[in-house]
2 protein chains.
Amino acid sequence: MGQYSLKEIAKELGVSRGTLDRVIHNRGGIGSETTDRVQTYLQSIGYKPNRVGRSLARMKEMLLYVSFHDTKNEFFKEIQAGLKAAENEIADFGFKVQFEDVSKSSASQIKCIREAMRNGMSGLALSPYEPDAAFEELVDEIVKSGVPVVTFNNDVVNCGRMAYVGINYYTSGRVAGEVLAKSVKSGSVAILRRSSSYFQNQQRITGFTEVIDSFEHIQVAGSFGGSADYDSAYKNTKRIIDTVPDLHGLLMLNNESDIITATCDAVSDSGLKPFDIVTFDLPSGCQREISNGRITATVCQDPFSQGYYCVKILFKYLLDECRPTKSLYSTRLDVIYKENLDSYNKELYRSFF
Amino acid sequence: MGQYSLKEIAKELGVSRGTLDRVIHNRGGIGSETTDRVQTYLQSIGYKPNRVGRSLARMKEMLLYVSFHDTKNEFFKEIQAGLKAAENEIADFGFKVQFEDVSKSSASQIKCIREAMRNGMSGLALSPYEPDAAFEELVDEIVKSGVPVVTFNNDVVNCGRMAYVGINYYTSGRVAGEVLAKSVKSGSVAILRRSSSYFQNQQRITGFTEVIDSFEHIQVAGSFGGSADYDSAYKNTKRIIDTVPDLHGLLMLNNESDIITATCDAVSDSGLKPFDIVTFDLPSGCQREISNGRITATVCQDPFSQGYYCVKILFKYLLDECRPTKSLYSTRLDVIYKENLDSYNKELYRSFF
DNA sequence: CTGAAAGCGCTTACAG
DNA sequence: CTGAAAGCGCTTACAG
């Protein structure tokens with residue numbers, strides 16, 4: 001199968017397979033001379049351990065613990081699909097993926113992670129509620145205990161996490177800017193903020209505004225406070241339309257179903273045409289309005305890959321003892337219109353793998 | 001690890017593991033009573049074979065043969081990356097992926113495939129030069145001999161191939177139409193055909209035209225013959241610009257580097273503004289002009305997944321004995337602009353997996 | 001029609 | 001510091 005097996009190598013070198021194993025994994029307790037001889041030989045033949053043999057022999061079950069906040073969010077379903085796909089792939093190697101619905105606060109999330117540590121986890125995939133100092137400390141503590149940590153969707157920067165899988169929010173704002181600038185013939189565009197304002201949203205607004213400013217035919221009329229329910233969102237949008245002259249486009253940072261419907265309704269009712277709305281991500285509300293033609297396009301961040309690759313990175317590290325070559329793994333920024341929407345819904349992994 | 005092992009089940013049922021193996025794989029030669037008893041029990045406990053054990057025990061190396069024409073094409077590099085990624089994943093299970101650079105004719109491609117058959121292949125991934133009757137017959141013959149066939153990028157419809165992985169070319173034309181319609185404020189757009197006209201291109205043109213026709217602010221001025229080199233492409237484009245009144249957009253079906261440069265040069269030199277060009281796929285010429293801002297966007301067909309998933313489907317069938325649930329697997333139709341170009345170049349699999 | 005044994009490539013105790 | 005044996009979950013001849 002694979003090139004050389006330990007059995008063959010052991011025979012060739014006149015040592016036991018146990019010795020080879022100890023050298024390969026730096027388990028210590030082997031004379032420096034033997035160690036050298038073995039290492040040199042392994043190098044020279046380019047020995048690659050067979051993962052199948054390795055995982056069959058290793059009796060220990062590996063638990064990867066995934067901590068994400070706000071798991072009822074539709075967005076998480078996609079991440080979960082990625083996690084599941086990865087788990088499927090690695091289950092035969094003795095790996096399990098477990099995630100917990102963590103309520104909305106840094107403190108409760110940290111509590112759950114500590115609990116998981118106590119129960120014994122082999123790796124942690126983390127999307128922090130808020131990437132503050134408390135998380136930095138926690139991650140460093142976990143890493144120090146020998147457990148690898150990968151962040152996804154939302155990074156924790158100043159700590160020993162092995163890698164981050166997710167997008168650059170500033171860039172996603174830029175993409176949205178380009179899409180809207182391409183669609184709006186002339187006039188002004190407005191930004192609808194979220195009610196709560198995360199750092200991520202601020203980055204998106206910055207990127208978006210920079211790009212719009214680089215075009216001459218349109219300008220940003222300003223950014224407007226978010227709304228929490230249908231009625232206030234409808235009124236809010238109406239008011240913006242009445243206030244801002246020559247308005248032909250909208251960037252929506254809030255993509256909750258109600259808010260999207262309200263905003264689209266208000267725009268429709270105003271009779272303003274042409275009018276382009278660009279959103280982020282792809283919850284069902286977005287999909288519906290893209291199909292309707294009331295939303296022009298959405299900028300999606302490939303959540304599937306965020307779930308999939310954070311698990312795969314941990315897996316590769318734990319099974320192959322191989323660290324990722326980069327610490328930042330950017331997922332795709334997909335621009336989804338009416339005509340290519342379907343091609344995203346039909347993505348391969350959902351149906352078979 | 002996995003729930004139940006054959007060892008445990010054999011003990012429980014009072015039969016040997018060999019018998020279990022024979023029942024599980026329908027190898028025959030087991031009494032109907034025993035067969036029933038075993039099957040019922042396996043069902044009741046939801047037995048799932050462990051792939052790791054299976055592939056370690058199976059001594060036979062599995063060879064997946066990939067047949068693609070025009071493998072020097074840049075597009076193939078991406079497909080190849082997908083093939084390699086899949087091979088990496090399945091190598092430990094005893095699978096090899098081999099592909100051959102087949103020269104440009106149906107006959108020579110078929111000859112190579114027959115050669116591979118004789119040498120013994122476990123599965124075939126095929127992108128036919130031209131999906132004609134000769135390929136239909138060949139595929140049926142191969143399938144009849146017990147070797148599964150998956151088509152990718154270019155389908156062979158009337159035959160026993162297990163699945164097709166690739167895009168619907170008509171839909172990709174529609175996506176290009178939507179993108180161009182969104183970008184061009186008003187006036188007409190033209191189609192630049194390829195010199196040789198494949199069925200795929202015709203489908204793209206149909207989809208594109210349908211979408212453009214559905215918008216009122218623009219119309220298709222016509223489709224113009226392809227050019228083979230820089231000079232003729234430059235002149236050709238110049239001529240179109242001079243001939244077609246109010247031209248503000250171009251759909252390019254030919255994405256060879258020279259042709260792209262020539263066309264963009266001609267448009268730049270004409271001073272026409274605003275002007276939008278939309279292309280297909282993402283060869284380096286396209287990337288460069290998207291970065292330049294001379295090409296607005298390209299519609300890409302996710303070639304990586306085409307390579308990756310056609311191998312994975314064969315693998316899953318051969319190892320898990322599990323047929324795909326669908327026969328058509330559509331890959332994504334990505335719309336790539338300047339701002340999200342980078343996010344496609346940085347895709348995860350290239351750097352680590 | 002069915003069983004017992006050997007083996008795939010590794011790791012894990014145990015022994016010395 | 002090193003070796004020999006057992007075992008992970010399967011499949012493959014071989015034997016009867």
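Residue numbering restarts at 1 for every chain, and letters A, B, ... go by the order of the sequence lines.
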Distance check needed: [N] [atom2] versus [X] [atom1], whole Å only.
X: B:Phe93; N: D:dG9; atom1: CZ; atom2: P; result: 15 Å
X: A:Leu56; N: C:dT11; atom1: CG; atom2: P; result: 11 Å
X: A:Tyr47; N: C:dT11; atom1: OH; atom2: C1'; result: 11 Å
X: A:Asn50; N: C:dC8; atom1: CG; atom2: C1'; result: 9 Å
X: A:Leu20; N: C:dT12; atom1: CG; atom2: C1'; result: 15 Å
X: B:Leu6; N: D:dT12; atom1: CG; atom2: C1'; result: 14 Å
X: B:Glu321; N: D:dT11; atom1: CD; atom2: P; result: 8 Å
X: B:Lys11; N: D:dG7; atom1: NZ; atom2: P; result: 13 Å

Complementary nucleotide of D:dA13, counting Watson-Crick and G-U pairs under 3.5 Å: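 Its partner is none (no Watson-Crick or G-U wobble pair with both distances under 3.5 Å).
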Nucleotide forming a Watson-Crick or wobble pair with D:dA4, both distances under 3.5 Å: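 Looking at the geometry, D:dA4 pairs with no nucleotide.
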Donor-acceptor pair between B:Ser67 and B:Glu100 side chains, under 3.5 angstrom: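 Not at all, the side chains of B:Ser67 and B:Glu100 share no donor-acceptor pair under 3.5 Å.
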Exercise: do A:Ser32 and A:Thr35 side chains pair donor with acceptor under 3.5 Å: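 No pair is found: no donor N or O on one side chain lies under 3.5 Å from an acceptor on the other.
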Enumerate the protein-to-nucleotides 13-16 of chain C contacts in which both atoms are nitrogen or oxygen and the separation is below 3.5 Å.
{"residue": "C:dA13", "atom": "N6", "partner": "A:Arg22", "partner atom": "NH2", "Å": "3.4"}

Ring centre gap for A:Tyr329 and A:Tyr309 strictly below 6.0 Å: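 No, too far apart.
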Output field: ring centroids B:Tyr164/B:Phe152 closer than 6.0 Å: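 No, they do not, as the ring centres are separated by 6.0 Å or more.
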Interface residues of residues 24-35 of chain A with DNA chain D (non-hydrogen, below 4.0 angstrom):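 Heavy-atom cutoff 4.0 Å gives A:Gly29, A:Ile30, A:Gly31, A:Thr34.
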Using 4.0 Å as the upper bound for N to carboxylate O, is an ion pair formed by [Y] and [X]?
X: A:Asp155; Y: A:Arg161; value: yes
X: A:Lys312; Y: B:Glu89; value: yes
X: B:Glu74; Y: B:Lys77; value: no

Test log, rule salt bridge (charged side-chain N to carboxylate O under 4.0 Å, His left out), inputs A:Arg118 and A:Glu115: CA-CA 5 Å; A:Arg118 251 171 277 120; A:Glu115 175 71 18; 2.9 Å; yes
Selection from D:dG3, C:dG9, C:dC8 that lies nearest to any side-chain heavy atom of A:Ala57: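 Looking only at heavy atoms from C-beta outward on A:Ala57, the closest nucleotide is C:dG9.
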Candidates A:Arg58, A:Lys7, A:Arg54, A:Arg27 - the one meeting salt bridge (charged side-chain N to carboxylate O under 4.0 Å, His left out) with A:Asp21: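 Testing each of A:Arg58, A:Lys7, A:Arg54, A:Arg27 against A:Asp21, the sole residue satisfying salt bridge (charged side-chain N to carboxylate O under 4.0 Å, His left out) is A:Arg27.
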Any B:Thr19 side-chain N or O less than 4.0 Å from OP1/OP2 of C:dG3: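 Answer is yes, contact under 4.0 Å.
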D:dT11 phosphate, OP1 or OP2, under 4.0 Å from B:Arg54 side-chain N/O: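 Answer is yes, contact under 4.0 Å.
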